[in-house]
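Remarks on the structure that follows.
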Amino acid sequence: MYSELVMEHFRNPRNIGVIENADGVGEVGNPQCGDMMRITIKVKDDILEDIKFQTLGCGAAVATSSMVTEMAKGKKLDEAMDITNQAVAEALGGLPPAKMHCSNLAADGLQAAIKDYRARHKA
Amino acid sequence: MYSELVMEHFRNPRNIGVIENADGVGEVGNPQCGDMMRITIKVKDDILEDIKFQTLGCGAAVATSSMVTEMAKGKKLDEAMDITNQAVAEALGGLPPAKMHCSNLAADGLQAAIKDYRARHKA
Amino acid sequence: MDRVVYMDHASTTPTDPEVVAVMLPWMSEQFGNPSTMYSLGLRGAKVVQNARESIAHTINADPEEIYFTSGGTEADNWAILGVADAHSKKGRHLITSTIEHHAVLESMEYLEKRGCEITRVPVDGGGLIDPEEVRRALRPDTVLVSIMYANNEIGTIEPIADIGRITREAGVLFHVDAVQAAGKLPLDVEELGVDMLSMSAHKFYGPKGVGLMYLRKRTRVTPLLHGGGQERGRRAGTTNVPGIVGMAKALELADNRMAEDAVREAALRDRLWEGLSAGIEAIHLNGDPVRRLPGNLNVRLDGIEGESMVLMLDMEGICVSSGSACTTGSLEPSHVLLAIGIPAEHAHGSLRATLGRSTTTEDVDHFIKVFPPIVDRLRQMSPIWCENCVCKQRN
Amino acid sequence: MDRVVYMDHASTTPTDPEVVAVMLPWMSEQFGNPSTMYSLGLRGAKVVQNARESIAHTINADPEEIYFTSGGTEADNWAILGVADAHSKKGRHLITSTIEHHAVLESMEYLEKRGCEITRVPVDGGGLIDPEEVRRALRPDTVLVSIMYANNEIGTIEPIADIGRITREAGVLFHVDAVQAAGKLPLDVEELGVDMLSMSAHKFYGPKGVGLMYLRKRTRVTPLLHGGGQERGRRAGTTNVPGIVGMAKALELADNRMAEDAVREAALRDRLWEGLSAGIEAIHLNGDPVRRLPGNLNVRLDGIEGESMVLMLDMEGICVSSGSACTTGSLEPSHVLLAIGIPAEHAHGSLRATLGRSTTTEDVDHFIKVFPPIVDRLRQMSPIWCENCVCKQRN
Ligand SMILES: Cc1ncc(COP(=O)(O)O)c(C=O)c1O
Ligand SMILES: Cc1ncc(COP(=O)(O)O)c(C=O)c1O
C-alpha cells in the first residue's frame with residue numbers, strides 16, 4: 001500500500017520532537033479525524049534553521065511530516081511557504097489515493113508555523 | 001440424480017417394442033414436450049397377457065415405461081387400471097422432483113391402452 | 001468403462017494443474033486479507049494487483065477497469081441491474097437478444113417485471129444477430145445494450161465490434177457477456193467498443209467461483225453487492241485471493257495458446273461432425289456452420305430425445321450435454337434452439353459436444369464409433385421413429 | 001523478522017490444510033458441473049449434496065434450507081434485499097442495529113434511498129442489544145429484523161434467541177449475520193428462532209469466495225443472482241464444488257473442536273489483556289468484558305492512532321487490525337466504536353487482536369513484550385501526549 005520511501009520515513013522519521021522556545025508553532029488536523037500535527041520552527045536570518053514535528057496519525061501522516069521537515073530545513077521562509085502537500089507526496093513517491101487528502105497536511109502545518117512566526121515578528 | 005433402479009431400467013428396459021395386432025393401444029405425451037409413449041397390450045380373459053412399450057424421452061420416461069409394463073403384466077385389467085404414476089415412481093425408488101410430472105406418464109399410457117381395448121371390445 | 005471422454009467444455013473445464021499450483025500458496029500460507037495494513041495482507045493485495053494488471057493487459061484495459069466477482073452470473077447481473085438502476089433517470093429501456101444466457105435473460109425479466117421495457121432482437125437461422133436490428137431497436141430512453149460474444153449452446157460468434165460502433169455512436173452503454181469467448185477469442189475492449197464485459201474463470205481452465213467484470217472508466221453502475229469497500233467501493237466482499245490469482249494465470253495460459261487451440265479444436269470438431277454425419281441418418285447441424293466457436297458442435301437427431309442420448313453416451317464414458325447445462329432439470333426446450341427456428345420436438349433431440357484442450361483424435365473416433373448404435377437403439381424404442389411406419393414421414 | 005504472529009482471525013483465517021486436501025480432487029479431476037446428467041457431473045452433485053447435509057445437520061436445519069453463495073456479503077445482501085423485495089406489499093420497514101457489518105448496513109442504506117424505512121436499534125456501552133428495543137421498534141409494516149450474532153470488531157455476542165422469540169411472536173422474518181459466530185458458537189436455527197442466517201467459509205478456516213445462507217422453508221425471498229436454475233432456482237451461477245466441499249469440511253472441523261478452542265482462545269486472550277494492561281498506561285478495553293467471542297480483544301490507547309500501531313506491530317511480525325478490515329482505506333472512525341459511545345479520537349486509537357487456532361502462549365507473550373515500547377515511541381511523537389504538558393489532562 002505505501003511506497004518503500006513512505007515506510008522508510010515512517011520507520012525512521014526525521015526531526016521528531018519539539019523545539020523549546022520555538023520562533024513559530026503550527027498545528028493542523030485534529031484528533032477527532034485521527035490526524036494531527038504540530039510543527040515548531042527556529043528561524044535565523046529569514047532561514048529555517050531548525051524544524052521539528054510531532055504527529056498523531058497514520059503512516060502517511062508521519063511520513064509526510066518527516067518529509068516536509070527535510071524539505072524545508074535550511075530553506076528561506078518564502079521558499080518553504082511554497083512547499084505544497086502535493087510536492088511532499090511527490091517527494092515520497094506518491095501516496096495511496098485514500099490518503100492523499102486527510103493525511104497529507106504536513107505542508108499546511110509548516111505554513112501555519114511560518115505564519116505564526118511572521119505574526120509574532122511583524123513588529 | 002436418478003436412483004440405481006431407475007438407471008437399471010433405463011439401461012435394460014423391459015418389454016420394449018410393439019405388439020402386432022394389439023388388442024389396445026395407448027399413446028400419451030407428445031414430441032413437442034420431449035416425452036411420448038406408446039403402449040400396446042394383448043388381453044386374454046380380462047388379463048394383461050402381454051404388454052410392450054415404445055418411448056421417446058428422458059431417463060425417467062424410459063424407466064417408468066419399463067416399470068409399468070413389469071407391474072402390469074399378468075394383472076387383471078381392473079387391477080392394472082389402478083396403477084398410478086405415483087405408484088410407478090415409488091416402485092422405482094422415487095424420481096427427481098423435476099421429473100415427477102412431465103416424465104411420469106407411463107400409468108396414463110397403460111390406462112389409455114386399456115380404455116382403448118375396452119372401447120374396441122365394448123360390443 | 002474407465003475411459004472418460006469429456007466433451008462438455010462449454011459447461012465447465014478442469015482447473016489447469018498449473019493454475020491450481022499458483023493458487024495453493026495463497027490458501028494456507030499467504031492467506032492474509034488484502035484489505036489490511038500488515039505485510040501478510042499487503043502481499044495478498046500485491047498479488048491481486050498483479051492479477052488485475054495481467055488481465056487488463058490481455059484485454060487492453062486499464063487495471064482499474066477490472067472488478068473481480070464470483071463468476072459470470074454475478075458479472076452479468078451486476079452489469080444489467082446496475083446500469084438500469086444508475087441510469088433510470090435517462091430511461092428504462094434495455095436491448096438484448098433472444099439467445100442470451102439465462103444470467104442475462106433472467107436479469108432482464110426481473111427488470112421487466114419492475115417496469116422496464118426490454119427489446120429482444122431476433123437472430124437468424126444460424127444464431128447471428130444483425131447489428132442493424134440493434135440500431136433499429138435503439139430509443140432515446142435506451143440505457144443498455146447487452147449482447148453475448150459467443151453463444152454457449154450453438155457457439156455462434158456475434159458481430160460485437162459492429163454493434164459496439166452502433167452503441168458508441170448512439171451514446172448507449174454496451175455490455176458483452178464474454179463468458180464463452182474468454183480464453184477462446186481475442187478480446188480487445190477498445191476494438192470491440194464495449195463498456196462492460198463479463199467473464200467466468202471456470203470456463204477457461206480457471207477455478208470455479210470467480211469471474212470478473214470489465215467496467216470502462218467513468219461508467220456509472222450501482223453496486224450489486226453492498227458492504228466493505230473492496231474493489232474500490234464497487235463490489236463488496238472479502239477478496240478471493242486464490243481465485244483471482246488462479247483466474248489471471250488461467251487467462252494468461254489461454255491467451256498464449258489461443259490460436260493453436262482454436263485450430264486444433266476446430267479440426268477435431270470438424271472430424272467429429274464428418275464422422276457422425278457419415279454414420280448416422282437424419283442428423284442435422286444446429287447453428288452457424290462457420291461463425292462458431294472452434295470446439296462447438298451442436299446437432300439434432302430425428303426421433304430421439306436429448307437426455308437419453310446423454311445418459312447412454314455416459315455409459316460409454318462420453319460427457320456431453322443436451323442443452324444449456326444450467327437448465328438441466330427443466331424440461332423446457334432450449335430457448336436458443338427455438339430462437340434459431342428449430343421446432344420444439346427437434347430441440348429436445350439436440351446434443352451439444354464442446355471440445356477442449358484434453359480432446360484427442362482418439363476421443364473423437366471413440367465418439368464416432370459408439371454413437372451410431374446408441375442412436376439406433378433409441379430410435380428402435382421411439383414411437384415416432386420406425387423404418388416403415390407413417391410417422392416417419394411426419395419427421 | 002521472520003516470526004509471524006497472526007492475530008487478525010476476525011478478518012480472515014488460513015484455509016486449513018485438511019480443508020485444502022478435500023477440495024483438491026474436485027478441481028482438476030472431478031471437475032464436472034453438478035448441473036449435468038453424466039457421471040462426472042453427478043459425482044459433483046452428490047458431493048455438494050453431502051456438504052449440504054453435513055452443514056444442515058450442524059445447524060439443525062434441513063438440507064433444502066441451505067443455499068450456497070459466494071460469501072457472507074452476498075448472503076447478507078440477498079437476505080435483506082430479497083426479503084424487502086418479496087414482501088414490499090406487506091411493508092417497507094426494516095430493523096437492524098447500529099453495529100452491524102457494512103454488508104448489512106450498506107444494504108439497508110441502499111433500501112433507505114429507495115423509500116424503505118430503517119430503524120437502527122442502539123446498543124449499550126458494551127455493544128449489547130436489548131431485545132426489548134427490537135420489540136419496541138416493530139411495526140405492522142416491518143418485514144425484516146436483521147441482527148448479527150457476534151460483532152466483528154468488539155466480539156460482542158447478541159441475545160439472538162431472545163430476539164428470535166420476539167420476531168416469531170410478531171410474525172416478522174428474522175435474519176442473523178452469523179459470519180463471526182459460525183464455527184465459534186453453537187448454531188441451532190431452531191433454538192435461535194431465525195429464518196435466515198449468513199456464513200462465510202474463510203472466517204472458520206475454510207476457503208475464500210464461498211459462504212451460505214440458511215433460509216427457512218417457505219420463506220419468500222427474491223433471488224439476488226438471476227440465471228441458471230442452480231440452488232433450486234434461488235441462486236444462479238455454476239456451483240463452486242471445491243469451495244462448497246471445503247466449507248463443509250471446515251465447518252465440521254470447527255464444530256468438533258469448538259468448545260476446546262473457545263476455552264483455549266479465551267485464556268490466551270485474557271493473558272494478552274492482562275499483560276498489556278499491566279505494561280501500558282492509559283489502555284482501555286472496548287466492548288463487553290464478558291459476552292464476547294473467546295478470541296477477541298479490542299483496546300484503545302490514549303494519544304496514539306491505530307494505523308501507526310498496526311504498522312509498527314507488523315515490523316515485529318504481529319498482524320492486527322485497527323478496525324474493521326474492510327474499512328481500511330477509509331479514514332472514518334469505526335461506526336461500531338462510535339455506537340458504543342467511544343469518542344472519535346479514541347476510536348482512532350483502537351486496536352483489534354483476534355486470536356485463533358494457531359495462537360500460542362509465546363505469540364501472546366511476544367505481543368506483550370514488543371507492544372509497550374511501540375506505544376511509548378508513538379506517544380513520544382504524539383502532539384496530544386506528553387508527560388508534562390497541559391494536553392495530557394485533556395485526554
Ligand atoms: C454465456 C454464458 N454467460 C454466463 C454464464 C454464467 O457463468 P457462471 O455460471 O460461471 O456464473 C455462462 C455459463 O454458465 C455462460 O455460458
Ligand atoms: C459480521 C460480518 N458480516 C459479514 C461479513 C462479510 O463476509 P465476506 O467478506 O466474507 O463476504 C464479515 C466479514 O467481512 C463480517 O465480519
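Residue numbering restarts at 1 for every chain, and letters A, B, ... go by the order of the sequence lines. Computed from heavy atoms alone, side chains included, the values below leave out hydrogens, waters and symmetry copies.
- Atom OG1 in Thr15(D) sits 13.0 Å away from atom CH2 in Trp26(C) (nearest 0.5 Å).
- For the pair Leu24(D)/Leu24(C), a side-chain contact is recorded, criterion being any heavy-atom separation below 4.5 Å from C-beta on.
- Counting heavy-atom pairs under 4.5 Å between each of Val104(D), Leu224(D), Leu313(D) and chain C puts Leu224(D) at the top.
- Residue Ile244(D): no heavy atom, backbone or side chain, is found under 4.5 Å from chain C.
- Interface remark: Val20(C) contributes side-chain atoms only to the contact with chain D (heavy atom separation under 4.5 Å).
- Smallest separation of non-hydrogen atoms from His102(C) and Gly228(D): CB-N, 3.8 Å.
- The closest side-chain heavy-atom distance from Asp8(D) to Thr36(C) is below 4.5 Å.
- Between Asp85(D) and Tyr110(C) the shortest heavy-atom distance is OD1-OH, 3.7 Å.
- Distance check: Thr222(C) OG1 to Arg114(D) CZ gives 5.5 Å after rounding to the nearest 0.5 Å.
- Neither the backbone nor the side chain of Tyr205(D) comes within contact range of chain C; no heavy atoms are under 4.5 Å apart.
- Between Pro14(D) and Ser28(C) the shortest heavy-atom distance is CB-O, 3.5 Å.
- Ser200(C) does not touch chain D: none of its heavy atoms, backbone or side chain, sits under 4.5 Å away.
- Using a 4.5 Å cut-off between heavy atoms, Arg235(C) contacts chain D through its side chain alone, with no backbone atom that close.
- Put simply, of Thr12(D), Asn77(D), Thr73(D), the one with the most heavy-atom pairs under 4.5 Å next to chain C is Asn77(D).
- Between Ile80(C) and His226(D), every side-chain heavy-atom pair lies at or beyond the 4.5 Å cut-off.
- Heavy atoms of other residues, nucleotides or ligands lying less than 6.0 angstrom from CD of Glu64(D) number more than 12.
- Among Cys319(C), Gly237(C), Ser70(C), the residue with the largest count of heavy-atom pairs under 4.5 Å with chain D is Cys319(C).
- If you tally non-hydrogen atom pairs under 4.5 Å between each of Leu40(C), Val310(C), Val320(C), Asn240(C) and chain D, the highest count goes to Asn240(C).
- Of the listed residues Gly41(C), Pro223(C), Gly209(C), the one with more heavy-atom pairs under 4.5 angstrom with chain D than any other is Gly209(C).
- Chain C forms the most heavy-atom pairs under 4.5 Å with one residue out of Pro34(D), Gly233(D), Ser107(D), and that residue is Ser107(D).
- Not a single salt bridge (Lys or Arg N to Asp or Glu O under 4.0 Å) links Glu109(D) to another residue, sequence neighbours left out.
- Note that CG of Asp314(C) is 9.0 Å distant from CE of Met37(D), once rounded to the nearest 0.5 Å.
- A 4.5 Å side-chain heavy-atom check between Lys208(D) and Phe31(C) finds at least one atom pair inside the cut-off.
- When all heavy atoms are compared, the tightest approach of Leu225(C) to Glu74(D) is CD2-CA, 3.9 Å.
- Of all the heavy atoms in Ser11(C) and Asn33(D), the pair that sits closest is OG-ND2, 3.0 Å.
- In this structure, the separation between OG on Ser39(C) and CG on Leu311(D) is 9.0 Å, given to the nearest 0.5 Å.
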